[in-house]
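Chain naming here is simple, since letters A, B, ... match the order of the sequence lines and numbering starts at 1 in each. Because the structure is predicted, anything quoted here is derived from the model rather than measured.
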Number of protein chains: 2
Amino acid sequence: MSPAAGNKAPQKAPNGNRDATDRALIAAGLELFGEYGFNGTSTRMLSQSSGANVSAIAYYFGNKEGLYKAVIEHIVQRATQYIGPACEAIREKEPMLTKLSARKALKTLVESVAHLFVDSDEPKSWALIVMREQARPTEAFDILYYGMMKTLHGQISALIGICTGLPAQGDEAKIRAHTFLGQILVFLSSRETLIRQLGVKKLSDHHVSLIHKVLWAQVAAALKVPMLCRGEDR
Amino acid sequence: MSPAAGNKAPQKAPNGNRDATDRALIAAGLELFGEYGFNGTSTRMLSQSSGANVSAIAYYFGNKEGLYKAVIEHIVQRATQYIGPACEAIREKEPMLTKLSARKALKTLVESVAHLFVDSDEPKSWALIVMREQARPTEAFDILYYGMMKTLHGQISALIGICTGLPAQGDEAKIRAHTFLGQILVFLSSRETLIRQLGVKKLSDHHVSLIHKVLWAQVAAALKVPMLCRGEDR
DNA sequence: GCGACAAATTCAATCGATTGATTTATTTTT
DNA sequence: AAAAATAAATCAATCGATTGAATTTGTCGC
């Protein structure tokens with residue numbers, strides 16, 4: 001029986017090659033799905049790039065879509081490595097945050113998200129995958145949403161709430177959090193446009209540090225905007 | 001000879017159905033490419049959805065990619081209908097803009113872009129297409145970039161320059177313009193996340209008007225941020 | 001510690017279905 | 001009748017998935 005049949009976890013894994021093969025497939029999937037999209041990536045490409053046989057896809061992940069989901073889970077796991085620490089630090093001391101400390105926590109969070117999406121080259125392969133899921137959510141979107149988006153979005157809303165006096169569960173705090181994320185995400189999702197505008201081939205260190213400065217300066221300025229809603233929402 | 005052989009524009013359009021067929025194909029392409037992506041859309045789907053025969057794709061557009069480019073051109077044309085007027089108004093009086101009038105012009109521009117990407121449902125089908133081109137630019141990206149992005153981005157940079165004293169052609173003004181666009185675009189590119197956070201199925205009129213308020217309030221606040229760069233760039 | 005057996009894994013070969021594109025024939029318009 | 005446009009049929013190529021055999025690996029009686 002293939003390990004993909006039972007939900008997870010091989011019973012006794014007599015063969016040590018197990019990890020090596022499915023890791024190679026996930027690595028290939030990350031590369032190829034990111035480069036060519038789901039439909040643009042054939043099982044044969046995945047097989048060749050990973051060195052594994054085509055049937056290994058069905059064997060380990062059920063089918064191509066199963067591998068795709070595994071790749072998404074891997075993305076969530078990697079992203080968590082970047083922003084997880086900042087999120088947990090906030091969750092721990094959230095009840096006793098003051099305006100000032102909340103501001104500081106938000107800065108840390110914004111910087112770690114920016115570090116992931118602006119500095120690092122790693123998520124460049126994620127972009128197409130994540131954007132596709134945003135545009136046409138499949139079952140895999142749940143993995144992305146519950147695995148990272150929801151927590152991140154919620155934390156930012158909470159901090160905005162503390163800093164501005166807005167109800168953290170209200171529409172305005174959520175919308176503001178969305179614009180904060182937008183300012184950062186655009187450097188991943190629309191990087192090609194920025195590159196062309198700047199007339200360079202790649203973002204230099206100088207650009208990256210300037211982006212960080214601009215980001216925090218503008219987020220900080222946005223925090224000073226007084227509440228706009230007329231208190232109708234929760 | 002097929003009309004797609006010569007680069008464009010039918011010589012004398014002897015058949016009245018000419019326009020109807022290729023328009024139907026573009027409409028179908030807009031729908032299907034937006035829904036399933038380029039690779040996910042087959043020529044047979046396009047044929048069935050448009051009512052045209054499969055061979056009409058080759059006849060009018062050379063091949064599937066030709067139709068895809070025509071769809072992108074259509075997107076640019078539609079977007080220009082939204083934001084073109086605001087852009088031209090600015091270009092006309094750019095030399096004599098004061099800080100105050102530039103601020104007002106920027107507000108108009110931001111609102112027309114937001115009107116397109118937040119209020120309207122039309123660009124929802126564009127999202128996947130545009131995002132894909134951003135992630136992996138093909139030749140078609142040039143159409144998007146030179147047809148709308150470049151002008152829009154440049155105009156915003158120019159207005160930021162006037163409002164803040166930054167050089168409009170400098171890196172910081174361009175980066176700031178990018179974050180402004182990011183705050184708006186995120187409502188298209190990551191709408192699914194926002195929808196889930198708000199706990200609704202669709203953005204209500206109340207949400208839309210609140211988003212507009214938040215957007216302008218934050219952009220206005222960002223304009224007050226003094227220049228950050230140490231004047232090294234152009 | 002050995003050899004046999006079973007489970008886990010890999011492999012090449014092949015399935016029917018679908019892909020984009022082309023060809024040939026027919027209809028419509030001028 | 002000539003040109004333009006549509007329709008139907010068909011092309012080789014490739015798709016995801018499956019097959020059953022071959023190979024590797026761990027387990028267990030002895």
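- Side chain to side chain, B:T138 and B:E133 meet the donor-acceptor criterion of an N or O pair below 3.5 Å.
- Rounded to whole angstrom, the span from the OH atom of B:Y36 across to the C1' atom of C:dG20 amounts to 19 Å.
- The separation between A:N39 atom CG and C:dT19 atom C1' is 12 Å, rounded to whole Å.
- A cation-pi geometry, defined here as NZ or CZ lying under 6.0 Å from the six-membered ring centre and within 45° of its normal, holds between B:K64 and B:F38.
- An OP1 or OP2 oxygen of D:dA17 is reached within less than 4.0 angstrom by no side-chain nitrogen or oxygen of A:Y59.
- Annotation: A:F187 is not in aromatic contact with A:F117 [ring centroid separation under 6.0 Å not met].
- Residue contacts for B:T41: at a heavy-atom cut-off of 4.0 Å it reaches the sugar-phosphate backbone alone, with no base atom in range.
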Listing time: all N or O pairs from protein to nucleotides 11-14 of chain C that are below 3.5 Å?
unit_1 : atom_1 : unit_2 : atom_2 : d
C:dC11 : N4     : A:S55  : OG     : 2.9

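- Atom-to-atom, CE of B:M45 to C1' of C:dG20 comes out at 14 Å; the value is rounded to the nearest Å.
- Counting to the nearest Å, the P atom of D:dC15 and the CG atom of A:L46 are 11 Å from each other.
- Looking at the side chain of A:T21, the nearest of the listed nucleotides D:dG16, C:dA21, C:dT10 is C:dT10.
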*Could you go step by step and tell me if A:Q197 and B:Y145 meet the side-chain hydrogen bond (donor to acceptor under 3.5 Å, both in side chains) rule?*
CA-CA 10 Å; A:Q197 286 297 115; B:Y145 179 70; 2.8 Å; yes

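- Donor-acceptor pairing under 3.5 Å is recorded for the side chains of A:Q134 and B:T193.
- Nucleotide D:dA4 holds its P atom 16 Å from the CG atom of B:D22, rounded to whole Å.
- Counting non-hydrogen atoms under 4.0 angstrom, B:T43 reaches a base of the nucleic acid.
- Atom-to-atom, CG of B:L25 to P of D:dA7 comes out at 11 Å; the value is rounded to the nearest Å.
- Side-chain contact check for B:T179 and A:Q218: at least one donor-acceptor pair (N or O, by modelled atom type) lies under 3.5 Å.
- Atom P of nucleotide C:dG20 and atom CD1 of B:I57 are separated by 8 Å, given to the nearest angstrom.
- Residue B:F61 contributes atom CZ, which lies 16 Å from atom P of C:dG20 at whole-angstrom precision.
- Within a 6.0 Å sphere centred on CD of A:E192, other residues, nucleotides and ligands contribute more than 12 heavy atoms.
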